[in-house]
Amino acid sequence: MCGIVGYIGYRDAYPIVIKGLHRLEYRGYDSAGIALLDKDLKVYKKAGKVSALEDFVKDLPLTSTVGMGHTRWATHGAPSDRNSHPHSSGDRKLTIIHNGIIENYANIKETLLAKGHVFKSDTDTEVLIHLIEDIKTQTGLDLQEAVRVALNKVVGAYAIVIMSADEPDMIIAARKGSPLVIGVGEGEYFVASDATPIVEYTKNVVYLNDNEIAYIHRNELLVKNIDNTVQTPYIQELDLKLEALEKGGYDHFMLKEIYEQPRSIRDCLRGRIYPQQGKVQLGGIKEYVEKLKNVDRIIIVACGTSWHAGLVGEYLIEEYARVPVEVEYASEFRYRNPIITEKDLVIAISQSGETADTMAAIELAKEKGATIFGICNVVGASIPRITHAGVYTHAGPEIGVASTKAFTAQVTVLTLIAFYIGQKRGAIKQSTLIEYLTQLDEIPTLVEQALKSNDRVKEIAEKFKNSNNCLFLGRGSSFPVALEGALKLKEISYIHAEGYPAAEMKHGPIALIDEDMPVIFIATKHSSYEKVISNIQEVKARGGQVAAIVTQGDTTVKDMADYIIEIPEVNEAFVPLVSTIPLQLLAYHIAVMRGCNVDQPRNLAKSVTVE
Ligand code: F6R
């Protein structure tokens, strides 16, 4: 949450910073601000999108080769001009941008208020820059030391960048719990919450570790940890293409990402399955084969869409690897003293690799001795760095706030893990595995076919676009798909939607059904097909409008549902990968028809780095 970007070098900083903010806007978009250093510090900030800030500064002289910017997702203090970052010290000589939360800010603020500090905002961040100023003036320490001492006093999470009018040739960046990447150029450095603002200038990056502070000059990067010991920064090459960050002709990132799924699933499978040999290869976890052979419980922790992927994983792992699985909301798991032992395997799923609750759940499980695997999309993010082993999803950057291609890639990885463990434990026959892997190899093509339902889905969206409520129902592994369909619809179109196991409908939700209630069924021809048909009848008998996702050629459901969407025939194991596609499209079209901001839905942000 919140995007931060900084630059020091020989180029004009403003265009780099503002473009960087546009790239990071998915992280938060309620207000934005910049600071430039031209003799003295110039700070401009505005509530609203980055474009509002751009309009605000468009006629101002903005020359500077040092600058930074922030796009905010409010935690402390409502979105407003004055709560926007950067925040400055009382003497206006220091300014800071921050992503994270300073948990003990109230205590620090009280002490500073007693000393006469005057605050202009309601934020925790302003307290931190005043604390640095206070330490500097009270102790005579230089800025570097004052920042270090101040950071030792704060509790919470931060990624910060600081500029000083007295030190025009340096920016300071630091992280604890919130991500920060430094781009290394020739005579220039970039700092950002992720690599997207950096990739067009340099491919060489340093991922700052927790408790590290970087003192960045045009020709020098000095990294120390918070105890003042010098660290050797590890420079790595980015594997990120600029095209992946553009809309590429689509109206929205979300639509582009939905259409990318044949490619992203293919990338996720590449080099990992050998259908003819019946072999799954997962380099990231191969050291743990013995553990996997003997594991007697797997706990999956995640949030939101990633949690839905985890629920699909539960079905797959229990079915094909025959290991009991529990799926937990990371936010609940971390606060309820869960029973975990060294025998357990915990799988943490996260697109961003930065979700605060998921990270806290990992730390807790680690303390209790469990082995932790990560399933992440963003390479180099925090979660892959704190887990013992893991598997990247390789879906490419997901910019639309509503997760789409990351979900199908997560499910793909979980399918591979289920088969991998199943094979190692002898729970799945080799001939069966060959059969499954052969079809898994075909999934990108089947997803391509499912995307052809777009026009049909659009017609159905037209019918449902004015609804106030919507139910999504499925059984087995289609239940988490129903949950995911409901989440997609509610988060981007603001229609209230619920996902339920189809059989649960009669235990309550059936009371909601009337002629205004659209009910979306996942009714493919698999194990619970007949049961789902009965549930469809129950809805029809009460006047509900039924749209059903069915296996191509199905005539039974066609005769009873108001609308059907056909998807290609697929083995039951892979239904979630294909049936999710029309649900993503349905949410997308309804949101567009309702005039909603699809890529940046209200109140949301892509990386939830606060608990
Ligand atoms: C919904 C969505 C969120 C995320 C959740 C977890 O479309 O994107 O529900 O799935 O915030 O985020 P990650 O996967 O980054 O941990």
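When a ligand or atom number is given, it counts from 1 through the structure's own listing order.
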- Task: Ignoring angles and geometry beyond distance, decide whether S403 reaches within less than 3.5 Å of ligand 1 through its nitrogen or oxygen atoms.
- Result: yes

- Item | Polar side-chain atom of Y494 near backbone of R602 as donor-acceptor pair, under 3.5 Å | yes

- Message: For Y315, is there any backbone N or O sitting under 3.5 Å from a side-chain donor or acceptor partner on E318?
- Response: no

- Just need the protein heavy atom nearest to atom 7 (O) of ligand 1, so name the residue and atom and give the distance. E491 OE2, 2.5 Å

- Query: What is the closest protein heavy atom to atom 5 (C) of ligand 1, and at what distance does it sit?
  - Reply: C303 O, 3.7 Å

- Item | From S382 atom OG to I362 atom CD1, the distance as rounded to the nearest 0.5 Å | 9.5 Å

- Query: Looking at K405 and E398, does any basic side-chain N land under 4.0 Å from a carboxylate oxygen?
  - Reply: no

- The answer for which part of K488 has a heavy atom under 4.0 Å from ligand 1 is side chain

- Are I522 and L473 close enough that some pair of their side-chain heavy atoms sits under 4.5 Å apart? no

- Task: Could you pull out, from T393, T305, V301, the option with a heavy atom nearest to atom 2 (C) of ligand 1?
- Result: T305

- Task: Kindly confirm or rule out an N or O of Q410 lying under 3.5 angstrom from an N or O of ligand 1.
- Result: no

- Note on the structure: closest protein heavy atom to atom 11 (O) of ligand 1 is V608 CG2, 3.8 Å

- Message: Please determine whether any non-hydrogen atom of V401 lies less than 4.0 Å from an atom of ligand 1.
- Response: yes

- Message: I need the nearest protein heavy-atom contact for atom 16 (O) of ligand 1: residue, atom name and distance, please.
- Response: T355 OG1, 2.4 Å

- Query: Can K176 and D210 be counted as an ion pair, charged N to O under 4.0 angstrom?
  - Reply: no

